[in-house]
> 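Submitted below is the structure of interest, expressed as structure tokens.
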Amino acid sequence: MKMEDMSLSGLDNTKLEALAQDIYSDLVEDACLGLCFEVHRAVKQGYFFLDDTDQESMKDFEIVDQPGVDIFGQVYNQWKNKECVCPNCNRSIAASRFAPHLEKCLGMGRNSSRIANRRIASSNNMNNKSESDQEDNDDVNDNDWSYGSEKKAKKRKSDKNPNSPRRSKSVKHKNALLGSKPCCRSGSSMHAVER
Amino acid sequence: MSKDSQMRAAINQKLIEMGERDRLKELLRAKLVECGWKDQLKAHCKDVIREKGLEHITVEDLVAEITPKGRALVPDSVKKELLQRIKTFLAQHSTL
């Protein structure tokens, strides 16, 4: 900017003050205009009066402040002690246990198929004398765990649930777990493949 | 152009160039919302609109009604703080 060297120190305080006031004034006017535009747009778009409610409705939705009740007035642990009747087995189940029970009872959901397969496998185990049936392996290959590893898994103390996906960290072919090596416990490879 | 107005123009330009004016604007806006100024004025707008009629309200109407009241309603603390910041800026950038 080609201008002579100008300095504010040459200005006396009143002028400085006036300058500051002017700048401030501009800013306030900007704010007011901003509000005007906002309001005008709201009016023309039709949403300006949208949040107005009449007194009666306001009373309906007032915040509730009583003990044992949430702010909407609902009792929040109402369903803790209720019991539901399972449509499948007609047993009476506690409400918080109802969903997992249904999962197992109806035979849907991830865990129930594992448990069912495990039961099949263990009943096969008792019936067959041979250690590992080659035929059976084909069926079992569709599932998350393999027949061979289950026996080895049961021997290991560290294994809690032979059917959980974290149980054995072996190389997984796309969807099925084939011939797992029992000693592979590297968590990262398992999780990487699963995701 | 007198030296004064030249200098004012220069200051304003600097204010804008350094982004300080935008910062001040944002600061002012935030403070005004905080202190309820915006809500007050909005309520006043509602009255004006109901009076003039929803269909016929114009920007000019609103500006004419709102601006003077808006200026007056700014709380002193906000005004002081902004003036302070402006003066600080002026002092820091007194040589152009």
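Within every chain, numbering begins at 1; the chains are lettered A, B, ... in the order of the sequence lines, protein sequences first and strands thereafter.
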> Establish, from distance only, whether the side-chain atoms of A:Asn125 and A:Ser122 form a donor-acceptor pair under 3.5 Å.
no

> Taking B:Ile49, B:Leu15, B:Leu24 one by one, which has the highest count of heavy-atom pairs under 4.5 Å against chain A?
B:Ile49

> Is B:Asn12 in contact with chain A via its backbone, its side chain, both, or neither, using a 4.5 Å heavy-atom distance?
side chain

> Taking side chain as everything from C-beta outward and backbone as N, CA, C, O, which of these in B:Arg29 sits under 4.5 Å from a heavy atom of chain A? Side chain, backbone, both or neither.
side chain

> Please check if the side chain of B:Thr67 supplies one atom and the backbone of B:Ala64 the other of a donor-acceptor pair under 3.5 Å.
no

> Would you mind checking which part of B:Leu54 comes under 4.5 Å of any heavy atom in chain A, side chain (CB onward), backbone (N, CA, C, O), both or neither?
both

> For A:His101 and A:Cys86, which heavy atoms make the closest approach, and how far apart are they?
NE2-SG, 3.4 Å

> For B:Ile86, is it the side chain, the backbone, both or neither that has a heavy atom under 4.5 Å from a heavy atom of chain A?
side chain

> Closer than 3.5 angstrom, by distance alone: can the side chain of B:Trp37 be matched with the main-chain N or O of B:Gly70 as a donor-acceptor pair?
yes

> Chain B heavy atoms under 4.5 Å from A:Leu35: which part of the residue, side chain, backbone, both or neither?
side chain

> Has B:Arg85 got a side-chain atom pairing as donor or acceptor with B:Leu27's backbone, closer than 3.5 angstrom?
no

> Go through the atoms of A:Leu33 and report whether side chain, backbone, both or neither lie under 4.5 Å from a heavy atom of chain B.
side chain

> Does B:His93 use its side chain to pair, donor to acceptor, with the backbone of B:Phe89 at less than 3.5 Å?
yes

> Under 4.5 Å heavy-atom distance to chain A, tell me which part of B:Val59 shows up: side chain, backbone, both or neither.
both

> Closest heavy-atom contact between A:Leu16 and B:Leu90?
CD2-CD1, 3.7 Å

> Do the side chain of A:Lys44 and the main chain of B:Glu55 share a donor and acceptor less than 3.5 angstrom apart?
yes

> Which answer fits B:Lys69, side chain, backbone, both or neither, if we ask what part of it has an atom under 4.5 Å from a heavy atom of chain A?
neither

> In terms of heavy-atom pairs under 4.5 Å, which option from B:Lys25, B:Glu65, B:Lys46, B:Lys87 contacts chain A the most?
B:Lys46

> In terms of heavy-atom proximity below 4.5 Å to chain A, should B:Ile57 be classed as side chain, backbone, both, or neither?
both

> So which part of A:Asp22 gets closer than 4.5 Å to some heavy atom of chain B, the side chain, the backbone, both or neither?
side chain

> A:Glu38 versus chain B, heavy atoms under 4.5 Å apart: side chain, backbone, both or neither?
side chain

> Go through the atoms of B:Arg21 and report whether side chain, backbone, both or neither lie under 4.5 Å from a heavy atom of chain A.
both

> Please check if atom CG in A:Asp65 has more than 12 non-hydrogen atoms from other residues, nucleotides or ligands closer than 6.0 Å.
no

